[in-house]
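Beneath this line is the structure, given in structure tokens, with notes to follow.
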2 protein chains.
Amino acid sequence: MAGTGSGSESSAPRKRADARRNEQSLLEAAAEAFIASGVDVPVREIAGKAGVGVGTIYRHFPTRAALIVAVYRHQVEACAEAGPALLASGDSPCTALARWIDLFVDFLVTKHGLAEALQSDDATFVTLHAYFIDRLVPVCAELLAAAAEAGEIRSDIEALELMRGVGNLCIGADKDPRYDARRMVGLLLAGLRLH
Amino acid sequence: MAGTGSGSESSAPRKRADARRNEQSLLEAAAEAFIASGVDVPVREIAGKAGVGVGTIYRHFPTRAALIVAVYRHQVEACAEAGPALLASGDSPCTALARWIDLFVDFLVTKHGLAEALQSDDATFVTLHAYFIDRLVPVCAELLAAAAEAGEIRSDIEALELMRGVGNLCIGADKDPRYDARRMVGLLLAGLRLH
DNA sequence: TGCCAAACGGAACGCCGATCCGTATATTCA
DNA sequence: TGAATATACGGATCGGCGTTCCGTTTGGCA
């Protein structure tokens with residue numbers, strides 16, 4: 001095993017050209033398929049769209065979660081980076097928190113089935129869960145702490161719990177026009193505020 | 001109403017004894033299996049526990065939802081009937097609403113996967129969804145209207161939306177000790193109150 | 001007791017995720 | 001340039017599940 005850097009960065013032994021091409025095709029096909037049929041779309045369908053065999057999917061993305069993460073990584077990063085920016089924007093911390101949660105909700109409700117997958121206990125999705133938690137909970141915690149310190153909200157709610165609650169409220173948001181996830185999240189945040 | 005469990009109406013032509021016995025076995029086996037492995041437990045497992053073939057399950061309960069409804073019908077009825085009782089109990093309508101939601105949450109969080117199934121868009125579960133909506137939303141609406149009329153809460157939230165929100169918040173409540181669905185629901189209700 | 005509709009059980013089918021291995025090819029080196 | 005070899009490919013295959021279907025069994029009744 002010595003020398004074979006399975007790591008992701010600079011020391012990686014440079015993949016074959018067709019491998020890189022296929023990985024790209026897969027990302028594009030998956031992005032399309034997720035929009036068209038949700039993140040639960042059958043693996044074979046993604047493979048078909050990308051013009052590769054199913055084996056190739058599993059070689060590049062060992063779990064469905066890994067594929068989802070890869071497809072949405074940019075957007076998650078953007079959301080994470082928006083947190084500090086909103087805090088620094090001059091608005092009250094509570095407003096910053098509300099705006100940030102809005103971004104998160106916008107992201108979730110436009111991805112069919114992503115909110116569901118995030119909360120699923122399916123072993124396939126633990127990676128997905130872990131990624132979102134790792135990346136976004138600290139950001140949320142920062143916003144939460146600032147708002148609490150400013151005396152604008154209750155201080156007995158953990159970031160993880162709030163994010164799970166918000167994520168849960170987004171489930172099925174795109175299925176039933178009578179259910180407005182944004183409004184429910186607004187209610188949750190209203191309950192968080194001190195008066 | 002002297003007859004066996006689900007669906008025996010007065011005009012029903014009286015089922016065979018073995019059929020009634022099997023239906024009973026299935027209900028018991030399903031109740032056990034739901035507790036042990038959640039409402040997504042494989043059909044074959046329920047059939048095995050009950051000592052019948054899979055065909056027999058489908059004959060008695062054409063969809064998984066029908067089986068779930070049959071297993072939990074009593075508890076859902078009790079919850080539905082508790083609504084008017086709480087309203088009449090002398091507490092403020094808002095307290096009555098909170099107590100009733102508590103009952104609903106208690107029911108949901110103790111049934112592995114039921115909250116998930118309730119919000120699932122799987123075609124198999126539309127019956128389940130419909131039953132809960134039909135039976136509980138009117139009760140919730142009554143409580144909501146009373147509280148709104150008393151000026152205790154906002155009046156722009158529909159019962160259906162509130163119940164879906166509460167149901168969503170209960171998802172995964174039994175999986176992660178760091179997530180307390182009850183507390184999140186409390187937050188949601190706090191956001192509903194006028195100050 | 002004998003008949004037959006009702007009910008049963010489980011084999012069989014289709015769909016899906018996941019794996020595995022014979023084949024094809026990009027890259028390297030002489 | 002032309003092998004040699006590691007790398008990657010593709011799809012056949014397996015196991016699990018929901019659902020259907022049909023030959024067999026059995027309870028109820030005349």
Side-chain angles (χ1 to χ4, degrees), chain A residues 1-6 12-27 29-30 33-34 37-68 113 116-117 120-128, chain B residues 3-8 12-27 29-30 33-34 37-68 113 116-117 120-128:
Chain A
M1 296 298 169
T4 54
S6 60
R14 174 73 174 269
K15 289 194 295 194
R16 257 168 56 166
D18 54 347
R20 264 174 293 146
R21 227 180 314 117
N22 278 333
E23 185 169 327
Q24 203 53 40
S25 303
L26 276 172
L27 282 174
F34 288 169
S37 318
V39 296
D40 292 319
V41 61
V43 173
R44 282 175 240 263
E45 197 170 318
I46 301 176
K49 265 189 209 279
V52 305
V54 286
T56 302
I57 288 200
Y58 286 101
R59 193 164 313 103
H60 288 286
F61 306 100
T63 66
R64 178 181 296 272
L67 183 53
I68 296 175
E116 285 86 335
S120 156
D121 59 329
D122 187 326
T124 317
F125 290 128
V126 291
T127 311
L128 185 64
Chain B
T4 50
S6 73
S8 64
R14 175 73 175 268
K15 290 194 294 194
R16 257 168 55 168
D18 55 347
R20 265 175 290 146
R21 226 181 314 119
N22 278 333
E23 186 170 326
Q24 203 52 41
S25 303
L26 275 172
L27 283 174
F34 288 170
S37 319
V39 297
D40 292 319
V41 61
V43 174
R44 281 176 240 262
E45 198 170 315
I46 301 175
K49 265 189 209 279
V52 305
V54 287
T56 302
I57 288 200
Y58 286 98
R59 196 165 311 104
H60 288 285
F61 307 99
T63 65
R64 177 182 296 271
L67 183 53
I68 297 175
E116 287 86 335
S120 156
D121 58 331
D122 187 326
T124 316
F125 291 128
V126 291
T127 311
L128 185 64

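All chains are named by letter (A, B, ...) in the order of the sequence lines, taking the proteins before the strands, and each is independently numbered beginning at 1.
At least one side-chain nitrogen or oxygen of H60(B) sits closer than 4.0 Å to the OP1 or OP2 atom of dC8(C). Considering only side-chain N and O atoms, N22(B) lies under 4.0 angstrom from the phosphate OP1 or OP2 of dC8(C).
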Exercise. For nucleotides 25-30 of chain C, read 5' to 3', which letter fits each nucleotide if B means a protein heavy atom sits under 4.0 Å from the base, S means only the sugar-phosphate is that close, and - means neither?
Worked result: BSS---
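One can place CD1 of I57(A) at 13 Å from C1' of dC16(C), the figure rounded to the nearest angstrom. The nearest whole Å value for the distance from the CZ atom in R14(B) to the P atom in dG27(D) is 15 Å. For the pair D122(B) CG and dC16(C) P, the computed distance is 13 Å after rounding to whole Å. Spacing between atom CD of E23(B) and atom P of dA6(C) amounts to 17 Å, rounded to whole angstrom units.
Considering CD of E116(B) and CG of D40(B), their distance stands at 8.0 Å, rounded to 0.5 Å. Here I57(B) contributes atom CD1 and E23(B) contributes atom CD; the two are 12.0 Å apart, rounded to the nearest 0.5 Å. A distance of 10.0 Å separates CD1 of I68(A) from OG1 of T127(A), quoted to the nearest 0.5 Å. Here the straight-line distance linking atom CZ of F125(A) with atom OG1 of T63(A) works out to 8.5 Å at 0.5 Å rounding.
S25(A) contributes a side-chain N or O that, together with a main-chain N or O of R21(A), makes up a donor-acceptor pair within less than 3.5 Å. Between the R64(B) side chain and the V39(B) main chain, a donor and an acceptor come within less than 3.5 Å of each other.
For the helix from dT1(C)-dA30(D) to dA30(C)-dT1(D), the end axes, each set by the C1' atoms of five terminal pairs, are bent relative to each other by 10° (nearest 10°).
Taking both residues in full, the closest heavy atoms of D122(A) and S120(A) are given as N-OG, 2.8 Å, listed atom of the first, atom of the second, then distance. Closest heavy-atom contact between K15(A) and R20(A): O-NH2, 3.4 Å. T56(A) and L26(A) make their closest contact through O-CD1, 4.0 Å (heavy atoms, listed as atom of the first residue, atom of the second, distance). Minimum heavy-atom separation, H60(B) to A19(B): CE1-O, 3.3 Å.
Within the 4.5 Å cutoff, the side chain of L67(B) has heavy atoms near those of the I46(B) side chain.
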Protein N or O to nucleotides 19-24 of chain D N or O, pairs below 3.5 Å:
unit_1: dT19(D); atom_1: OP2; unit_2: Y58(B); atom_2: OH; d: 2.9

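G48(B) comes within contact range of no nucleotide atom at all, as no heavy-atom separation falls under 4.0 Å.
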